[in-house]
Participant: 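One structure, pasted below without further comment.
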Amino acid sequence: MITNSELQPHELEEFLARMARRYFSADALSDTESPERIAARVMSAGTYRDVCELIDLAGRAYLAHVFVTAPYHWFSQPAREYWQRHLRLGPPMPRTSRAKPATPGGAFVPATMPGEPDPIVRVH
């Protein structure tokens, strides 16, 4: 499969270099910062325009690859929830506020059991 990044590798490299300078401090940026790390930072903290340009240059398949292979700490919780929905990568992640308190034995009890549908809340 040919992705947009294979069709425009030079433009993508220039874009990622520009984003690295914008979203990483000079002392934290290393010459070996991976393209995936830079893309994840744009996905997590980038402006709408930067994210749209990243999607245009790299394609959704590349963004999905970055999202599912990135270490958990590369994305904030709101960014993680957004990209999981936006890229349609499965059911939404459970929120801790939906969880029931721990049982007396200390075991965690989810708000819904696996396989059960989430409760639907209607606001009128």
Side-chain angles (χ1 to χ4, degrees):
M1 180 173 123
I2 297 176
T3 63
N4 289 349
S5 60
E6 292 169 339
L7 296 174
Q8 308 174 42
H10 184 68
E11 290 89 350
L12 180 60
E13 288 174 12
E14 288 178 355
F15 173 77
L16 291 175
R18 195 170 71 244
M19 294 299 102
R21 290 187 298 273
R22 181 178 295 170
Y23 292 109
F24 290 89
S25 64
D27 50 329
L29 182 63
S30 70
D31 291 333
T32 60
E33 203 67 62
S34 74
E36 290 81 11
R37 178 67 178 114
I38 298 166
R41 178 65 63 97
V42 174
M43 291 169 70
S44 188
T47 64
Y48 178 76
R49 178 173 282 171
D50 293 340
V51 170
C52 288
E53 190 171 352
L54 178 62
I55 292 170
D56 288 344
L57 290 171
R60 291 182 187 276
Y62 178 73
L63 271 59
H65 166 75
V66 168
F67 183 77
V68 299
T69 60
Y72 193 81
H73 67 276
W74 281 9
F75 288 90
S76 65
Q77 186 63 31
R80 188 165 285 286
E81 290 173 5
Y82 170 81
W83 285 107
Q84 187 165 9
R85 281 191 315 272
H86 186 75
L87 297 170
R88 297 183 180 108
L89 296 173
M93 298 175 71
R95 295 177 183 240
T96 55
S97 61
R98 294 181 53 213
K100 294 179 182 175
T103 61
F108 175 78
V109 179
T112 58
M113 297 304 292
E116 291 182 356
D118 285 339
I120 298 173
V121 179
R122 299 191 195 284
V123 179
H124 297 282

Participant: Supply the atom-to-atom distance L57 CG to Y62 OH, rounded to the nearest 0.5 angstrom.
Facilitator: 11.5 Å
Participant: Find out whether W74 and T69 are in side-chain contact, i.e. whether some heavy atom of one side chain is under 4.5 Å from a heavy atom of the other.
Facilitator: no
Participant: Compare every heavy atom of V66 with every heavy atom of A39, then report the nearest pair and how far apart it is.
Facilitator: CB-CG2, 4.3 Å
Participant: CD of E14 to CE of M19: how many Å apart, nearest 0.5 Å?
Facilitator: 11.5 Å
Participant: Restricting to pairs with a member in residues 36-48, which pass side chain to side chain donor-acceptor pair (under 3.5 Å), not counting sequence neighbours?
Facilitator: T47-D50
Participant: What distance do L87 atom CG and L63 atom CG have between them, rounded to the nearest 0.5 Å?
Facilitator: 6.5 Å
Participant: Out of curiosity, Y23 OH to L16 CG, how far, rounded to the nearest 0.5 Å?
Facilitator: 12.0 Å
Participant: I'd like to know if the side chain of Y72 pairs up with that of Q77 as donor and acceptor (distance under 3.5 Å, no hydrogens or angles considered).
Facilitator: yes
Participant: Of all heavy-atom pairs between R80 and P71, which one has the smallest distance, and what is that distance?
Facilitator: NH2-O, 3.7 Å
Participant: Taking C-beta and beyond as the side chain, do Y82 and S76 meet within less than 4.5 Å on heavy atoms?
Facilitator: no
Participant: Only counting residues at least two apart or in another chain, list the ones meeting ring pair (Phe, Tyr, Trp, His ring centres under 6.0 Å) with H65.
Facilitator: none
Participant: Does any non-hydrogen side-chain atom of H86 lie less than 4.5 Å from one of I55?
Facilitator: yes
Participant: For the residue pair M43 and W83, what are the closest heavy atoms and their distance?
Facilitator: O-NE1, 2.8 Å
Participant: Got E53 and R18 here, is their nearest side-chain heavy-atom distance under 4.5 Å?
Facilitator: yes
